[in-house]
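It should be emphasised that the depicted structure is a prediction, and the values quoted were computed from it without experimental measurement. Both backbone and side-chain heavy atoms feed into the values below; hydrogens, waters and symmetry mates do not. By convention in this document, chain letters (A, B, ...) are assigned in the order of the sequence lines, proteins followed by strands, and residues within each chain are numbered from 1.
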Amino acid sequence: MVEDIIDEIIQSRLKKRSRIFKSKEILHPDYIPETLPHRENEIRKLAEIIVVALRGERPSNVLIYGLTGTGKTAVAKYVTKKIAEKASMLNAKFLYAYVNTRKTDTTYRVLASIARTTGLRIPPTGIAISEVYRRYIQALDKWGGLHVVVLDEIDYYVRKGGDDLLYKLVRINEDLEKARVAIIGITNDINFVENLDPRVKSSLGEEEIVFPPYNAEQLRDILKQRAEKAFVEGVISDDVIAYCAGLAAREHGDARRALDLLRIAGEIAEREGASKITVEHVKKASIELELGRIYQAVTTLPLHAKLVLRAVIDLVKKKGSGTTGEVYSWYVKTAENYGYEPLTQRRISEILTELDMIGLINAVVVSRGRYGKTKIVKIPAEMIEVLDSAVSI
DNA sequence: CTTCCACCGGAAGTACCGGTAA
DNA sequence: TTACCGGTACTTCCGGTGGAAG
């Protein structure tokens, strides 16, 4: 009986507290620890820029560069939070907004999310962007303090939606009487700034901070510090932590990945009823993480993107790689087999680019001279079987 | 040096959906 | 209710283009 199964799970989980985890949240990607090892310099730089807010001045806008998992988000949240706490002690009017523009990826939603941090109620849809902007300005001036806006992963947003909003935000102070806005932009891609409107570029980059990647040793410190609080004593050894750090260091020192690895390894150990986390658990975690990412990506794909992926898988299995034109004719057959009206080639070309960006396939535009310009589509060998089983239409 | 293939990818527009505001 | 808003998924049209072949 289903109820029995569920009862049993609840029973066993509630009865004996985890033998592995003391406090799992500490390994969660959104958790901000009390200290951020090896980011002291970056914290100091950012704090020195923002702290003038406590004297009632507008801080410079800041651009933060660095690869994924180098602590950019954590440092930005940490500093803004600390200064907000100080500000409320000193009765300074200070608020901050944090928006991840990859998750919140349209102009309306970004602006609405920023505006809401001032206490405004903005509906999820239905009103004009200019109206949201108007209300935001009005609310700010009524309040009259300093609003620090953190825009995370802006490179994704700009690539998708352009720099209109950035342009507007950067010049928002001209529309304000009493209140002031400062922007902290965070980007993984150093080159993205080059494509920005020059006015946005100079204004946003008043100050710049670069976050270097962590090396294996630094990752080890970070993991060690978190593991102490997250795991029950004696569950994880320094060797296993070092192994995790090593894996992540190979991936350009991505601390978030290292923490994910540690957390999943712990979960696997717990599921298996082990009393210690071993290197084997970490290896399994690494696979599970990648598998999860792929399944997640594939299942949320729109119908025709799945059909295209299906066609690409079949084509690659047969020939190793293919051009846009080849993929298209395979896709037309696939679609018809499933009883769907095929879309145009223009659209399929776009879907191929989208699939490439998600990281499910490789699609590179190449010119083959006399034989035209096209995208060459491939799938990494180790991914093909996984994808094959993940795509269901 | 020119030609010309097989597409690329921007622009503008359509249809639909779920939502708000008055 | 009606007019309007933004997001998503798509179409139509079309000027461009890298580089092997001639």
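A:Lys375 has a side-chain polar atom (N or O) that falls below the 4.0 Å cut-off from OP1 or OP2 of B:dC8. Side-chain nitrogen and oxygen atoms of A:Ser349 include none within less than 4.0 Å of the OP1 or OP2 phosphate oxygen of B:dG9.
Hydrophobic clustering (ILVMFWY, side-chain heavy atoms < 4.5 Å, transitive): A:Ile129 and A:Leu120 are in one cluster.
Rounded to an integer number of Å, the gap from A:Glu131 CD to C:dA3 C1' is 15 Å. Rounded to whole angstrom, the span from the OH atom of A:Tyr328 across to the C1' atom of B:dC8 amounts to 16 Å. The CD1 atom of A:Ile376 sits 14 Å away from the C1' atom of B:dC5 (whole-angstrom rounding). Rounded to an integer number of Å, the gap from A:Tyr371 OH to B:dC5 P is 12 Å. Note: CG (A:Asp356) to P (B:dG9) measures 11 Å, nearest angstrom.
Distances were taken from every side-chain heavy atom of A:Arg370 (C-beta onward) to each of C:dG22, B:dA6, B:dG9; the shortest belongs to C:dG22.
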For this session: Classify every nucleotide of nucleotides 4-13 of chain C by which part a protein heavy atom approaches to under 4.0 Å, writing B for the base, S for the sugar-phosphate alone and - for neither, in 5'-to-3' order.
Result: -BSSSSSSBB
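At least one cation-pi condition fails for A:Arg220 and A:Tyr214: the charged atom is not both under 6.0 angstrom from the six-membered ring centre and inside a 45 degree cone around its axis. Relative to the ring axis of A:Tyr133, A:Lys168 places its NZ or CZ within 45° and under 6.0 Å from the centre.
Looking at A:Val170 and A:Arg199, their side chains never come closer than 4.5 Å, going by heavy atoms from C-beta outward.
Taking the six-membered ring for Trp and the full ring otherwise, the centers of A:Tyr65 and A:Phe211 sit at least 6.0 Å from each other.
Pairs passing the side-chain hydrogen bond (donor to acceptor under 3.5 Å, both in side chains) check and including a residue from residues 108-121 of chain A, sequence neighbours excluded, read A:Thr117-A:His147.
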